[in-house]
Number of protein chains: 2
Amino acid sequence: MGATKTEHFTGKHNSIAILAKALGHPARIAIIEYLLSVETCICGDIVNELPLAQATVSQHLKELKNAGLIKGSIEGNAVCYCIDEKAISRLQTYFANISVKLAKKKTDCC
Amino acid sequence: MGATKTEHFTGKHNSIAILAKALGHPARIAIIEYLLSVETCICGDIVNELPLAQATVSQHLKELKNAGLIKGSIEGNAVCYCIDEKAISRLQTYFANISVKLAKKKTDCC
DNA sequence: TTTTAATATTGCAATATTACGATAAAGATT
DNA sequence: AATCTTTATCGTAATATTGCAATATTAAAA
């Protein structure tokens with residue numbers, strides 16, 4: 001026990017959960033917002049922006065990247081990170097759909 | 001170490017992260033989708049729907065409730081759970097705003 | 001080529017999450 | 001009242017996450 005029973009859920013449920021989980025930490029939300037606010041996006045800037053050690057920030061960046069929320073391209077000896085629009089778009093669509101479905105429900109039971 | 005340094009981040013970042021984190025598990029996504037798909041929403045049904053023990057489902061429901069994503073009202077000896085539209089609406093707005101900001105950015109650096 | 005700068009990785013401690021059986025609590029049914 | 005049904009909570013084991021210092025890696029600069 002202890003591990004998420006991933007294999008018992010649908011691919012759709014898992015893939016949304018992976019995106020949500022990656023955003024489930026304030027540092028990673030802060031990274032996304034920072035990437036959104038700047039034109040140049042170098043990792044060093046992100047480290048300076050966050051109240052965490054370089055190693056920790058690097059780890060958070062890795063998780064965002066694994067989830068597909070950001071992409072990184074090597075730029076000399078620095079790395080240029082930026083948001084992957086497709087992932088954000090998927091989330092936007094997902095929550096918009098839920099909103100529409102909720103609006104259509106007549107019974108507001110609670 | 002080990003605990004999230006919540007106090008070092010803004011209230012906004014934390015509150016979005018709390019919502020995202022609550023959705024960061026396939027079982028909890030499955031619960032949201034199930035609540036969306038039914039009119040009557042009794043906890044027992046949710047337990048039957050998920051490949052997890054009753055205690056585990058109850059725990060996931062608690063987390064969704066703590067995050068503000070669902071509300072529960074006592075209905076006899078059962079509990080009627082349903083989605084809290086405000087939370088979904090907040091997420092929808094959040095990702096829509098990001099999408100808009102991304103579209104406005106000229107430089108697509110990666 | 002040594003040195004410097006920027007990131008990533010490793011190793012580890014602290015803490016959190018996931019899952020479930022057992023049990024408790026509280027209303028419904030008999 | 002005794003029992004059943006439904007949901008919550010407790011205790012505990014397994015696993016994952018968070019955070020950082022130390023170190024590795026890799027490219028630029030001197």
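Naming: A, B, ... by sequence-line order, numbering from 1 per chain.
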key: Rounded distance in Å - NZ (K62(A)) to C1' (dC20(D))   = 15 Å

key: Hphob cluster co-occupancy, L19(A) + I29(B), side-chain heavy atoms under 4.5 angstrom   = yes

For atom CG of L61(B) and atom P of dT18(C), their distance in whole Å = 13 Å

ask   = How would you label the contact of I74(A) with the nucleic acid (heavy atoms, under 4.0 Å): base, sugar-phosphate, or nothing?
value = nothing

Which pairs of donor and acceptor atoms, one on a side chain in residues 46-61 of chain A, lie under 3.5 Å apart (sequence neighbours left out)?
unit_1 : atom_1 : unit_2 : atom_2 : d
N48(A) : ND2    : G44(A) : O      : 3.4
H60(A) : ND1    : R28(A) : NH1    : 2.9

request  = Please state how far atom CD1 in I31(A) lies from atom C1' in dT18(D), giving the value in whole angstrom units.
outcome  = 13 Å

request  = Would you classify A55(B) as touching base, sugar-phosphate or nothing, given that sugar-phosphate means primed atoms plus P, OP1 and OP2, and contacts are heavy atoms under 4.0 Å?
outcome  = base

ask   = Taking DNA chain D as the partner, which of residues 8-29 of chain A come within under 4.0 angstrom of it by heavy atom?
value = K21(A), H25(A), R28(A)

task = Calculate the interatomic distance between K5(B) atom NZ and dT18(D) atom P; express it in whole Å.
result = 14 Å

ask   = For E7(B) and dT15(C), what is the distance between atoms CD and P respectively, to the nearest whole Å?
value = 13 Å

request  = Examine distances only and state if a side-chain atom of K105(A) and a backbone atom of V38(B) form a donor-acceptor pair shorter than 3.5 Å.
outcome  = yes

query = Is F95(A) reachable from L69(B) through a run of hydrophobic residues whose side-chain heavy atoms are each under 4.5 Å from the next?
reply = yes

ask   = So, is T56(B) close to the dC20(C) phosphate, meaning a side-chain N or O under 4.0 Å from OP1 or OP2?
value = yes

inquiry  = Need to verify one output field. Residue with the more 5' nearest nucleotide on DNA chain C, D45(A) or Q54(B)?
reply    = D45(A)

query = For the side chain of Q59(A) and the base of dA8(C), is some donor closer than 3.5 Å to an acceptor across the two?
reply = no

query = Closer than 4.0 Å, any side-chain N/O of Y81(A) to the OP1 or OP2 of dA8(C)?
reply = yes

query = Reckon T4(A) touches a base, only the sugar-phosphate, or nothing at all at heavy-atom distances under 4.0 Å?
reply = sugar-phosphate

remark   = E63(B) CD to dT7(D) P, in whole Å, measures 19 Å

ask   = Can I88(A) be reached from I18(A) by stepping across I, L, V, M, F, W or Y side chains whose heavy atoms are under 4.5 Å apart?
value = no

query = Can you find a side chain N or O atom of H60(A) that sits less than 4.0 Å from OP1 or OP2 on dG19(D)?
reply = yes

key: Pairwise distance CG(D84(A)) to CD1(I70(A)) - rounded to 0.5 angstrom   = 9.5 Å

inquiry  = Using a distance-only criterion (donor-acceptor N/O pair, under 3.5 Å, no hydrogens), is the base of dT26(D) paired with the side chain of N77(A)?
reply    = no

Contacts of K101(A) that satisfy salt bridge (charged side-chain N to carboxylate O under 4.0 Å, His left out) - sequence neighbours left out = none

request  = Over all heavy atoms of both residues, which pair between Y34(A) and D45(A) is shortest? Give the atoms and the distance, please.
outcome  = OH-CB, 3.2 Å

key: For atom CG of L52(B) and atom P of dT18(C), their distance in whole Å   = 11 Å

task = Round to a whole Å and report the spacing from CG of L50(B) to P of dT18(C).
result = 14 Å

Options dC20(C), dA16(D), dT7(C), nucleotide nearest the side-chain atoms of V79(A) = dT7(C)

